[in-house]
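Please see the structure below; I have some questions.
Numbers for residues simply follow the sequence, beginning at 1.
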Amino acid sequence: MITRDQISTVLDHPVYDSDGNKIGDARHVFFDDVTGEPEWVSVKTGMFGTSESFVPIHDGTVVEDHLEVPFAKDTVKDAPNVDVDAGGHLSEEEEHRLYEHYGIDWDTAWQQANQRGEGGWAPTGTDTTAQTGTAAGREPAGDDAMTRSEEQMHVGVERRATGRARLRKYVVTEEVQQTVPVRHEEVRVEREPITDANRDAAMSGTDITEAEHDVILHEERAVVETETVPVERVRLSTEERTDEETVRGEVRKEKIEADLTDETDQSDR
């Protein structure tokens with residue numbers, strides 16, 4: 001349970017869930033007006049801390065410089081919206097919705113509060129006041145100075161996935177044309193006269209007879225075969241570039257005006 005002495009350690013410090021994930025930073029601590037004990041903390045969530053989610057801190061623990069709560073990050077971020085600027089109090093309906101969201105039984109929580117000796121903790125929950133990061137609105141006793149506070153905008157960056165690139169290999173069939181020389185044989189009839197050199201060969205046969213002589217013709221044809229060979233290596237890589245982005249937000253600040261009354265003029269009237 002968080003005590004009043006630990007408030008300064010909680011406010012404006014990180015809040016982590018039960019799995020060690022950072023939820024955001026603590027913005028307000030809300031007290032039960034009856035018991036005077038801390039009951040809720042609002043946590044700045046969302047991009048750049050633009051949203052606030054309420055989470056019960058009765059079972060929270062302070063570890064070094066941060067607060068740990070026994071709830072998952074998504075559970076806290078999905079908590080019902082509450083107007084933290086509506087007079088600094090939670091309404092009965094708002095607190096009922098929050099207890100229901102976190103699965104906490106209203107009657108059981110009230111009985112546990114009584115068992116802790118916190119006395120008349122009102123089950124209505126209508127009066128739960130808030131304390132902000134620097135206890136704004138509370139001035140030290142006997143101090144005649146007024147503290148002026150203002151909000152400051154802190155801009156950060158978050159890394160998120162914007163797309164996916166994938167290498168995919170597939171097979172296509174292309175028609176390739178290539179010209180190669182091919183040879184073939186043709187028949188040509190050659191006649192030579194009878195000379196002294198070939199007369200013996202010409203007279204070696206019979207005088208008159210029928211005969212045949214065959215010649216085998218040859219030709220070349222183009223033959224196609226394929227071979228798989230590696231041609232290149234392809235991979236994906238990422239390159240980080242830095243751009244500039246302008247963000248706008250609203251911050252509140254307090255202003256102090258002096259309302260002077262001329263007591264001298266009034267006394268003369």
Side-chain angles (χ1 to χ4, degrees), residues 14-25 43-53 55 63 66 68-81 101-103 153-249:
V15 179
Y16 287 80
D17 68 1
S18 54
D19 295 325
N21 301 310
K22 182 180 178 181
I23 303 173
D25 293 327
V43 184
K44 293 188 291 185
T45 60
M47 183 177 293
F48 309 132
T50 55
S51 301
E52 286 192 42
S53 300
V55 58
V63 180
H66 66 269
E68 291 186 2
V69 293
F71 302 100
K73 179 179 180 179
D74 291 340
T75 301
V76 177
K77 295 181 68 174
D78 293 339
N81 292 329
H101 174 75
Y102 287 104
M153 185 173 71
H154 301 281
V155 180
V157 296
E158 67 174 5
R159 188 178 182 89
R160 61 188 179 91
T162 58
R164 180 188 297 271
R166 175 181 299 165
L167 282 179
R168 183 171 62 90
K169 184 170 69 173
Y170 59 95
V171 178
V172 297
T173 301
E174 297 179 350
E175 184 175 331
V176 179
Q177 180 176 308
Q178 185 175 344
T179 302
V180 295
V182 293
R183 298 176 299 176
H184 68 279
E185 295 177 342
E186 296 181 351
V187 174
R188 185 177 64 183
V189 178
E190 296 181 355
R191 299 174 184 274
E192 60 181 16
I194 301 299
T195 62
D196 291 338
N198 59 16
R199 183 178 301 275
D200 292 338
M203 298 296 294
S204 61
T206 57
D207 293 338
I208 297 178
T209 183
E210 294 181 356
E212 292 181 356
H213 184 69
D214 295 333
V215 175
I216 298 176
L217 304 178
H218 298 84
E219 69 175 5
E220 294 178 339
R221 292 184 179 179
V223 178
V224 178
E225 64 178 15
T226 60
E227 176 187 5
T228 301
V229 294
V231 293
E232 66 177 349
R233 301 271 296 168
V234 181
R235 67 170 54 87
L236 289 177
S237 62
T238 59
E239 180 179 356
E240 200 170 84
R241 298 180 180 271
T242 302
D243 300 324
E244 291 187 354
E245 181 177 348
T246 301
V247 296
R248 292 181 174 87

Write down the atom of A72, the atom of S18, and the distance for their closest heavy-atom approach. N-OG, 4.2 Å
Restricting to non-hydrogen atoms, name the atom on V55 and the atom on F71 that form the minimum distance, rounded to 0.1 Å.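 Looks like CG2-CD1, 3.7 Å.
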Hey, does the side chain of S53 reach the backbone of A79 with a donor-acceptor pair shorter than 3.5 angstrom?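 Looks like no, no N/O pair under 3.5 Å.
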Ignoring hydrogens, what is the shortest heavy-atom contact between N198 and P193? Give both atom names and the distance. ND2-O, 3.0 Å
Heavy atoms only: give me the nearest P14-K22 pair and the separation to one decimal.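 What the structure gives for the nearest pair is CB-CE, 4.0 Å.
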Least distance between heavy atoms, D17 atom then N21 atom: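 Closest approach of D17 to N21, heavy atoms only: OD1-N, 2.7 Å.
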Rounded distance [0.5 Å steps], NE2 in H218 versus CD in E186: 14.5 Å
Does the side chain of D78 come within less than 4.5 Å of H101's, by heavy atoms?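 A side-chain contact exists here, since the closest heavy-atom pair is under 4.5 Å.
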Heavy-atom closest contact (L167 atom, V234 atom, distance):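 The pair with the smallest heavy-atom distance is CD1-O, 3.6 Å.
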Carefully, step by step, assess E239 and R241 under the rule salt bridge (charged side-chain N to carboxylate O under 4.0 Å, His left out). CA-CA 7 Å; E239 180 179 356; R241 298 180 180 271; 3.7 Å; yes
Enter the distance from E185:CD to E219:CD here, rounded to the nearest 0.5 Å. 9.5 Å
Measuring from R233:CZ to R235:CZ, what's the distance to the nearest 0.5 Å? 6.0 Å
Measure the spacing between CD1 of I23 and CD of E68 and express it to the nearest 0.5 Å. 10.0 Å
Let me confirm one number: the NE2-CZ distance from H184 to R221, rounded to the nearest 0.5 Å. 12.0 Å
